[in-house]
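Just so you know, ligand 1 is whichever comes first in the structure, and atom 1 is the first atom listed for that ligand.
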Amino acid sequence: MSIIIGFPRIGENRELKKALESFWAGKLTQEELEAVAKELRAKHWAYQKNLAYVSVNDFSLYDNVLDLTYALGAIPERFKQASGLELYFGMARGLENSVACEMTKWFNTNYHYVVPELSQNCDYTINPSKIVSEYAEAKSLGYRPKINLIGLFTFMGLGKITQDSSFENVFEKVKNAYFRLLDSLKALDSDLVIQFDEPIFSKGKDERFYGKIQAVYDEIVAKKLGKIIVTTYFEHSNEATEILCKSRIDGIGLDFLYGEKNLSSLKAIAKSGKTLYAGIIDGRNIWVADLAQKLDFLEKIAQEIPKENIVLSTSCSLLHVPFSKDSEVKMDKEILSWLSFAKEKIQELELLETAFKGSLNASEKQKWQENITINANRKVSTKINDKSVQERAKAPIKTQREPAFKDRIKLQHQNLKYPILPTTTIGSFPQTPELRALRLRFKKGEIKEEAYHQGIQEYIKDCVAFQEEIGLDVLVHGEPERNDMVEYFGEQLQGFVFSQNGWVQSYGSRCVKPPIIFGDVSRPKPMTLQWITYAQSLTAKPLKGMLTGPVTILNWSFVRDDIDRSAVCKQIALGIADEINDLQNAGIAIIQVDEAAFKEGYPLRKENIPVYEKWALECFKASTSLALPATQIHTHMCYSEFNDIIKTIEALDADVISIETARSGNELLKVFAAVGYANEVGPGVYDIHSPRIPSKEEIKQQIKLLLEVLPKEQLWINPDCGLKTRKWEEVKPSLKNLVVAVKEIREEALGR
Ligand code: GLN
Ligand code: ZN
């Protein structure tokens, strides 16, 4: 028998998203929302019926870390008045007088969890009702449930300890609550199966709790709840596995796809006699498994561990892949045959299990043969392989701009003549309902290309006119032709394909539909040139061309697994380089290469970071280094943490970098000053995530703070990020205030 770590919860047609948003809008009652959720769970379990267990408590109305926070009663003080769903959603989305808990990325995925705020002064009144009722539901439908629970260490490791508390004290409190929660589950069944998800062990040793792992899990075993499985994923977890082998738990789950080094734990597991839940079907990517190769791999494992002690599993929860290929009716049939989404992955698991432990019947043999054929065809497909791209990527590539920044920047200043504290924006302007409607009509074929282009041009014209009118120094075209900064480029690059319904949950009700990179990537023709040059033709001021960088395009896509990610990234970089070349040849003197997702690709383990940094950096530089000395290259990154990557940021050698700093005053900028960062920097002076209009005074205050850290010659003034999610009514006064604030600062503080 095999298992999955967990199943996507958003629904085949995003039913949960729709129900949640209706509920929040007051159009659905709580009972109706819960009915939708119940129906989804039943439907999702049906797909799992041939597995050893169905996963219970992997479902969530918002986020499963938040579920545990709620179940443990780890409620921050400011939410104490609320209860039930109001409290639950309040922690995720904020209540009238209480700001939401922070949200951040779940390890190195694009899923976001709600960060627990843990205090030693909280009473941790547990609430097991969600687990209890979902367990009962699964039982009543005749399934054998496996309870999914985020492990204590992962929960503690991801939580934020409040100022009034120490890690040690909080750990004790949370542990007690966690144990009480487990005790309350005991009545559910005489032999529960509980899977404790401990992906935090994949990050390596954490001194705060390494010494406690064995004792905690032995204490859990001593509760005699049933079968105890501890699962890690996203990397190898050898250090923790060694400890877990000494504990009395029943089974250990390991990821052999993203943590091949887990192989070195096999001997210890064999010796311990524990069951190995072997994560062998990729839970994070969407390619059909090469079953013959997987079978070989399993046989290798079986040389160490008896077959009866091996249970096949997905490498992690299937949360990170779309639901099913069934609705992909438009995709190229050959490419579609290479894909496998959640539902299909369960079938792969079952077939592989049969081949490994039993014998294939006639129809299974046929499926096996089909799998072999698909994989063989994929390898040699002309759709994937483009000799000219491969040749070009093999040749040496220039990755260093010349001359050095200090010489380039002089030239750029001479040409561009922007004033001190130049003002600009990050690129996008409001995506209005009219703009979305226009794009939709064009995509549906309701209007001709000409009419669409005309609509886009009108937007650009208005956008440029507005920027001129208020007196910004460096203008943009506003990105009206893009609904998404990666999709727009993916659609024009060879080697990309888009699903119709391949949605993956990003957070709460929000889903993303990542592009799929299936083959060699190239740029057949210019992607942005016509819009940018049109915009530049409307103004005498410099207009900044806007591109998405190679690392961000890579990190926000499903990437082919037959060559190295770094090789794919390099191909994208060459496509972007071509675009930069076309832009500068057409007279565009400033080009921004956005790397919003640069940091997301960082490996979980410290020891792997240098390799990633090296190739990611090289790819960015390969895309920008053919810029002429006078061409000013900007980049933009939207994080609030640069301390650990500042050296890499510096090495990007962008002439100007704009960053998200508004919410942290000048704190974030200090690290730039500390390392002696020499290139120009545009720290965001107001937060674009909120509809609030910043006053002139407030922006002036913010600029003064920035001037305390970096010299005026080095600073640009801009908002935190793109403005596409805002309304014109918000953007117009905000940017006006920004420009006036800068003018006044120039006069008052700098005397010009
Ligand atoms: N140029 C993009 C925009 O303005 C950058 C967005 C981002 O960093 N996420 O929308
Ligand atoms: Zn941004």
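- When the shell of 6.0 Å around NZ of K398 is examined, it contains more than 12 heavy atoms from other residues, nucleotides or ligands.
- For the pair K732 and F466, the distance from NZ or CZ to the six-membered ring centre is under 6.0 Å and the angle to the ring normal is within 45 degrees.
- Taking the six-membered ring where the residue is Trp, the centroids of W728 and F429 are separated by under 6.0 Å.
- With hydrogens and angles ignored, the 3.5 Å screen pairs a side-chain donor or acceptor of T552 with a backbone N or O of A597.
- Counting heavy atoms from C-beta outward, Y612 and R565 have side chains that stay 4.5 Å or more apart.
- Counting only protein N, O or S atoms closer than 2.8 Å to the Zn ion (ligand 2) gives 3.
- In this structure, H320 has its ring center under 6.0 Å from that of F234.
- No side-chain heavy atom of P430 sits under 4.5 Å from any side-chain heavy atom of K727.
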TODO: Would you check, one step at a time, whether the test side chain to side chain donor-acceptor pair (under 3.5 Å) holds for R284 with N108?
DONE: CA-CA 11 Å; R284 299 187 59 163; N108 55 1; 2.8 Å; yes

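- In this structure, ligand 1 sits under 4.0 Å from heavy atoms belonging to I426, G427, S428, E479, M485, M546, D594, A596, H636, C638, C721, G722.
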TODO: Quick one: do T548 and D594 satisfy side chain to side chain donor-acceptor pair (under 3.5 Å)? Show the steps, please.
DONE: CA-CA 5 Å; T548 301; D594 286 326; 4.9 Å; no

